[in-house]
Participant: 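I'd like to ask you about the structure that follows.
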Amino acid sequence: MYSDIIAEQKKKYGRKLAILGHHYQSDDIIRHTDLKGDSLELARQIEKLEAEHIVFCGVHFMAESAAIVRREDQKVYIPDASAGCVMANMAPAWLVDIILTRILEESGRKIIPLAYVNTPAAVKAVCGRHGGSVCTSANAEKMLSWALSQGDGVLFLPDRNLALNTADRLGIADEERLLLDVRGKGAALDVPATLDKKLLIWPGLCAIHQRFKLSRMEQFRSEYPGCKIVVHPECPPELVKAADGNGSTSYLIKYVEAAPAGTTIVVGTETNLVNRLGDMFPDKSIIPLGISFCSNMAKITEENLANLLLNLETAAFEDVSDEIRKPAKIALERMLEVCA
Ligand code: SF4
């Protein structure tokens, strides 16, 4: 029934409406989307779309990113604004501001903030204001190299696993990294300990990817000799090191696509995407490294999508104030320039 309503509303709005879905959405949602992709791939498409109504099926920071890069005549909506991201919530802008200000003022060093795209718009704005930028899991290596070339060190946030995995790829030694203690509203931060460090790492993580276990990986290796194992770089470093490959959701999809028929591939990322890969490539055996659904992604349902579309003319849309939007856009544009 909700499915029929969605189809009717899509017909009614035609090209004025575009429904975008992140790879971690359920098949119930993905089947209604006009475009699917990772958060940045989708945000990049928005300006090019003819549609004036953009419905983003994903978590809130993704809809916010879309609202930062939208055209003036477009509106961005999310079917359930309470769909947050556990990792993004670990680095609220007020705390990032306190930590960065303390480091800059007390150390006197030029520290460049680099935010993973999984952050609220206000955090991207902090990066924009302080000469920093944004990165994705696909370009973290390039962006971290860039940020290191801009100052005396980098504050990477909020995902410590992505920071550590990227540091490994770039050969940044353990002694040059520091996992920050941001407890007590920033009071626990030990600024003198940051002085000889190149990479200052925010202690956030994604519970969905942290859950995967090295022991399970080893079991798969013995159960399926010759299998390939690929994981997302939000997984802990010991898993990334033991895998045959690691990368963004787009990388994982391309890896499976390119593998020869008959290959057994164990995939460590959110379960909706892993299951979909199994459906998309029936000539390969796709096995989840573990069952790990993102409960926030699951807040987007056919019911709330249908309700949004029925009330689109009066529905609340994502509104990022100019005070945040302008510096956040600068941070995003720096990334697009570096990665052009
Ligand atoms: Fe956030 Fe992890 Fe869910 Fe992605 S999978 S939205 S990083 S909690």
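In each ligand, atom 1 is the first atom listed, and ligand 1 is the first ligand listed.
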Participant: Going by the atom numbers of ligand 1, which of them fall below 4.0 Å from some non-hydrogen atom of Asn118?
Facilitator: 7 (S)
Participant: Checking the side chain of Asp38 only, and the main-chain atoms of Glu41 only, is there a donor and an acceptor separated by less than 3.5 Å?
Facilitator: yes
Participant: Does Arg334 reach the main-chain N or O of Ser133 with its side chain, forming a donor-acceptor pair under 3.5 Å?
Facilitator: no
Participant: Which of parallel (below 30°), tilted (30 to 60°) and perpendicular (above 60°) describes Phe317 and Tyr77?
Facilitator: perpendicular
Participant: More than 12 heavy atoms of other residues, nucleotides or ligands under 6.0 Å from CD of Glu323: is that the case?
Facilitator: no
Participant: Is there a donor in the side chain of Glu318 and an acceptor in the side chain of His60, or the other way round, less than 3.5 Å apart?
Facilitator: yes
Participant: Tell me, which protein residue and heavy-atom name are nearest atom 3 (Fe) of ligand 1, and how many Å apart are they?
Facilitator: Cys294 SG, 2.4 Å
Participant: Please list the nearest protein heavy atom to atom 1 (Fe) of ligand 1 with its residue and the distance rounded to 0.1 Å.
Facilitator: Cys85 SG, 2.3 Å
Participant: Nearest protein heavy-atom contact for atom 4 (Fe) of ligand 1: which residue, which atom, what distance?
Facilitator: Tyr24 CE1, 4.1 Å
Participant: Less than 4.0 Å is my threshold; does some heavy atom of Ile208 fall inside it relative to ligand 1?
Facilitator: yes
Participant: May I ask you to identify the nearest protein heavy atom to atom 2 (Fe) of ligand 1, giving residue, atom name and distance to one decimal place in Å?
Facilitator: Cys206 SG, 2.3 Å
Participant: Under 6.0 Å from the NZ atom of Lys197, do we count more than 12 heavy atoms belonging to anything else shown?
Facilitator: yes
Participant: Give the numbers and elements of all ligand 1 atoms closer than 4.0 Å to a heavy atom of Glu234.
Facilitator: 7 (S)
